[in-house]
J.: 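For reference, the structure I am asking about is given below.
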There are 2 protein chains.
Amino acid sequence: MSTSGRRETLSRVRVLAAAIAQADADGLESLNMRGLAHELGVVPMALYKHVANKEDLLDGMIELVVGEIEATARTGRWKQDVRARILAARRSLQRHPWSRAVLESRSAMTPAMLAYLNGLTGLFLDGGLSADLTHHVMHALGNRMWGFSQELFAATPPTDPSFNTQKDELPMRFPHLAAIARAAMHPDRPSQGGPGCDDQAEFEFALDLLLDGMETLHAQNWTSIA
Amino acid sequence: MSTSGRRETLSRVRVLAAAIAQADADGLESLNMRGLAHELGVVPMALYKHVANKEDLLDGMIELVVGEIEATARTGRWKQDVRARILAARRSLQRHPWSRAVLESRSAMTPAMLAYLNGLTGLFLDGGLSADLTHHVMHALGNRMWGFSQELFAATPPTDPSFNTQKDELPMRFPHLAAIARAAMHPDRPSQGGPGCDDQAEFEFALDLLLDGMETLHAQNWTSIA
DNA sequence: TGACATGGTGTACACGGTACACCTAGATTG
DNA sequence: CAATCTAGGTGTACCGTGTACACCATGTCA
C-alpha cells in the first residue's frame with residue numbers, strides 16, 4: 001500500500017516482499033526499480049543498498065518463493081513422496097505466476113533452490129534408486145520438478161497477417177490439432193481452468209507418466225552403461 | 001558482415017536472417033534494433049518498415065527456425081516417427097541457442113509452430129492413439145517436443161554472499177546432489193558435452209521414458225474419463 | 001507528366017537501470 | 001561529551017534501447 005505505515009527502515013526482505021507483491025499484482029513486466037521504490041516510499045537508489053541490482057532482486061524473489069515450498073511428510077514410498085513434494089512445489093510457485101519465467105531465466109542456483117533439489121534427490125536415493133538412475137531421472141523431470149507444465153498451449157492463435165484467422169480456416173489447415181482440441185472439450189467432465197484444458201490434470205498426467213516410467217526402470221535395475 | 005554487399009533493398013526475411021545471425025553470434029541480449037540496422041547498413045527506423053516491432057522480430061525469428069525443421073520420413077511406427085520428428089526439431093533449434101528462451105517467451109502461435117504441432121499430433125493419431133490420449137500426451141511432452149531439455153542443471157553454483165562456496169561445503173550441505181553428481185562423472189564412458197552430463201543422452205532418456213509410458217497407456221486403452 | 005506508393009532517413013522522446021557524490025542520524029569510542 | 005564512523009536514504013545525471021512521427025527519394029502507373 002502506498003499510503004500506510006511508511007518508513008520503518010528498509011531491509012532486503014522488505015524489498016523482496018514488495019517486489020513479489022508488485023509482480024503478483026500487476027505482472028512481472030510492471031516490476032521496475034522506480035515503481036518499487038515508490039511503493040516503499042523511498043527513492044529508487046535506496047533499493048541498491050539492499051539488492052545489488054535487478055538481477056539480484058529477481059534472484060531474491062525466487063529464493064523467497066522456493067523457500068516457502070512446504071516440506072511434505074514422508075511415507076517411505078518414494079514415488080508417492082516425490083509426487084507429494086513436487087505438488088507442494090507447484091502450489092507455492094503457482095501462487096506467483098511470474099515465478100516460472102524468472103526461474104527459467106536464472107542460470108545460477110540459489111541456496112533454497114539447491115536445498116529443494118537436494119531434498120528431492122534424497123527421496124529417490126532413500127527409495128533405493130541408484131545414484132546413476134536418480135541422476136537421469138532428475139534430468140527427465142527437468143523443470144517439471146518445480147511444478148509447472150510447459151505452457152506452450154495456452155498460446156493464443158496467431159494474429160499473423162498472412163493468416164486468415166477468420167471463420168474456421170484453422171481447423172482446415174490444422175486438422176489434427178482441431179481433433180485433439182475437440183477431444184479436450186467434450187468429455188463430460190467440464191474441463192475446469194481455462195477454456196480448454198485442466199492444467200492441474202495435465203500436470204499430474206505428465207508427472208505420473210514420468211514417475212511410472214521411473215518405477216519401471218528401477219524395477220529392472222536400469223543402468224546408464226549400455 | 002558490416003562491409004560487404006550493402007544496399008540490396010531490405011525485406012522481412014533479410015531482416016530476420018540478419019537478426020538470427022546476430023543472435024547466433026553474440027547472444028540474444030546483444031540483439032537490438034540499432035545494432036541490427038547498423039549490420040544491415042541502414043538506419044534503425046528502416047527496420048520498422050519490415051517488422052512491426054521487436055516482438056514481431058522475435059516471432060519472425062522463431063518462425064524461420066521452426067520452419068526449418070526437417071520433415072522426417074515416416075515408418076508407420078508412431079513411436080519411432082515421433083521420436084525422429086522431435087529429434088529433428090532438436091537439431092534445428094540447437095543450432096540457435098537463443099531459440100529456447102524466445103520460444104518460451106512467446107505466447108502466440110505462429111503458422112510454422114502450428115504446422116509442426118499439427119504434424120506431430122498427426123503422428124500420434126495416425127498411429128492409432130485416441131484423440132483423448134493424444135491430447136494429454138502432447139501436453140506431457142510439453143516444450144520437450146521442441147527438442148530441448150529443461151536446463152536448470154547447467155546452472156552455476158551460487159555466488160551468494162551468505163554462502164561459503166569455498167572448499168567442499170556444498171557436498172556437505174547437499175549430500176544427495178553430490179552423490180548424483182559423482183554418479184554422473186565416473187561411469188567409464190566419459191560424459192561428453194560439458195563438464196557434467198551428456199545433454200543429448202539426457203534428452204533422449206527423458207523422451208524415451210515418456211514415449212514408453214505413452215505406449216503403455218495406449219496399449220491399455222487409456223482414457224481420461226476415470 | 002504528375003500523383004501515389006513503397007521504403008529509407010533524422011530527429012526526438014520516454015522509460016528503465018544504475019553510477020556517483022552527498023547527506024544524515026544513530027552507534028562507537030577516545 | 002565531542003569527534004568520528006557508518007549504515008542507509010537522497011538527488012542528479014547518464015546511458016542504452018524501443019519507437020513515434022514527419023519527411024524525403026525513387027520508381028510505377030494513369
Side-chain angles (χ1 to χ4, degrees), chain A residues 2-23 25-62 98 101-102 105-108 159 161-162, chain B residues 2-23 25-62 98 101-102 105-108 159 161-162:
Chain A
S2 247
T3 47
S4 66
R6 185 60 33 66
R7 201 39 48 78
E8 11 167 331
T9 64
L10 251 37
S11 71
R12 183 173 169 92
V13 274
R14 268 184 32 90
V15 170
L16 296 179
I20 290 175
Q22 175 64 31
D26 298 334
L28 192 57
E29 63 293 338
S30 87
L31 175 65
N32 61 69
M33 303 304 270
R34 283 169 159 83
L36 183 56
H38 182 75
E39 203 62 19
L40 288 162
V42 100
V43 87
M45 286 313 291
L47 302 177
Y48 288 82
K49 287 278 153 53
H50 303 279
V51 296
N53 48 42
K54 195 174 182 182
E55 289 287 283
D56 185 39
L57 178 73
L58 292 171
D59 281 341
M61 290 167 70
I62 37 135
W98 45 270
V102 174
S105 72
R106 245 87 286 280
S107 64
T159 350
S162 74
Chain B
S2 246
T3 47
S4 66
R6 184 61 35 67
R7 201 37 48 79
E8 11 164 335
T9 65
L10 252 37
S11 71
R12 183 172 169 94
V13 274
R14 269 186 30 93
V15 170
L16 296 179
I20 289 174
Q22 175 65 30
D26 298 333
L28 192 58
E29 62 292 339
S30 87
L31 176 65
N32 61 68
M33 303 305 268
R34 281 169 161 78
L36 182 56
H38 182 74
E39 202 62 20
L40 287 162
V42 101
V43 88
M45 287 312 291
L47 302 177
Y48 288 84
K49 287 279 154 55
H50 303 278
V51 297
N53 47 44
K54 195 174 182 181
E55 290 288 283
D56 185 39
L57 178 73
L58 293 171
D59 281 341
M61 289 167 70
I62 37 133
W98 45 269
V102 173
S105 73
R106 244 87 286 280
S107 64
T159 349
S162 74

J.: What is the distance, rounded to the nearest whole Å, between atom CD of B:Glu29 and atom P of D:dT17?
T.: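 Checked: the CD to P distance equals 11 Å.
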
J.: If you pin B:Ser11 and A:Glu55 to their nearest nucleotides in DNA chain C, which one's is more 5'?
T.: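 Closer to the 5' end of DNA chain C: B:Ser11.
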
J.: To the nearest 0.5 Å, tell me how far B:Arg106 CZ sits from B:Ile62 CD1.
T.: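 CD1 of B:Ile62 is found 6.5 Å from CZ of B:Arg106.
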
J.: May I have the step-by-step check of side-chain contact (heavy atoms from CB on, under 4.5 Å) for B:Leu47 and B:Leu40, ending in yes or no?
T.: CA-CA 9 Å; B:Leu47 302 177; B:Leu40 287 162; 3.9 Å; yes

J.: When you compare the side chain of B:Met45 with that of B:Met33, does any pair of heavy atoms fall below 4.5 Å?
T.: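 Not in contact.
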
J.: Side chain of A:Val43 only, heavy atoms from C-beta on: which candidate in C:dT18, D:dT10, D:dT19 is closest?
T.: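 It is D:dT10.
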
J.: Just compare D:dT19, D:dG9, C:dG8 and give me whichever is closest to any side-chain atom of A:Leu10.
T.: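 Within the option list, the nearest is D:dG9.
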
J.: Between P on D:dT17 and CG on B:Leu57, what's the gap in Å once rounded to a whole number?
T.: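 It works out to 14 Å between those atoms.
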
J.: What integer distance in Å separates A:Leu36:CG from C:dC15:P?
T.: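 It is 18 Å, rounded to the nearest whole Å.
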
J.: Can you tabulate the close N/O pairs, meaning under 3.5 Å, that link protein atoms to atoms of nucleotides 21-28 of chain D?
T.:
none

J.: Whole angstrom is fine here: how far is it from CD in A:Glu39 over to C1' in D:dG9?
T.: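 Answer to the nearest Å: 18 Å.
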
J.: Can you tell which of C:dT18, C:dG7, D:dT17 lies closest to the side chain of B:Asn32?
T.: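 Comparing C:dT18, C:dG7, D:dT17 against the side chain of B:Asn32, the answer is D:dT17.
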
J.: Atom CZ of B:Arg12 to atom C1' of C:dT6: distance rounded to whole Å?
T.: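 Spelled out: CZ on B:Arg12 to C1' on C:dT6 is 17 Å.
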
J.: Specify the separation, in whole Å, of atom NE2 of B:His50 and atom P of C:dA5.
T.: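 Atom-to-atom, B:His50 to C:dA5, this comes out as 18 Å.
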
J.: Figure out the CG/C1' separation between B:Leu47 and C:dT9, and round it to whole Å.
T.: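 Distance, rounded to whole Å: 12 Å.
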
J.: Between the side-chain atoms of B:Arg34 and the base atoms of D:dG16, is any donor-acceptor pair under 3.5 Å?
T.: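 No.
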
J.: Let me know the distance between OH of B:Tyr48 and C1' of C:dG10, rounded to the nearest Å.
T.: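 Value for this atom pair: 15 Å.
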
J.: Does the pair A:Met61 and A:Val51 meet the rule for a side-chain contact (heavy atoms from CB on, under 4.5 Å), with working shown?
T.: CA-CA 11 Å; A:Met61 290 167 70; A:Val51 296; over 6 Å; no

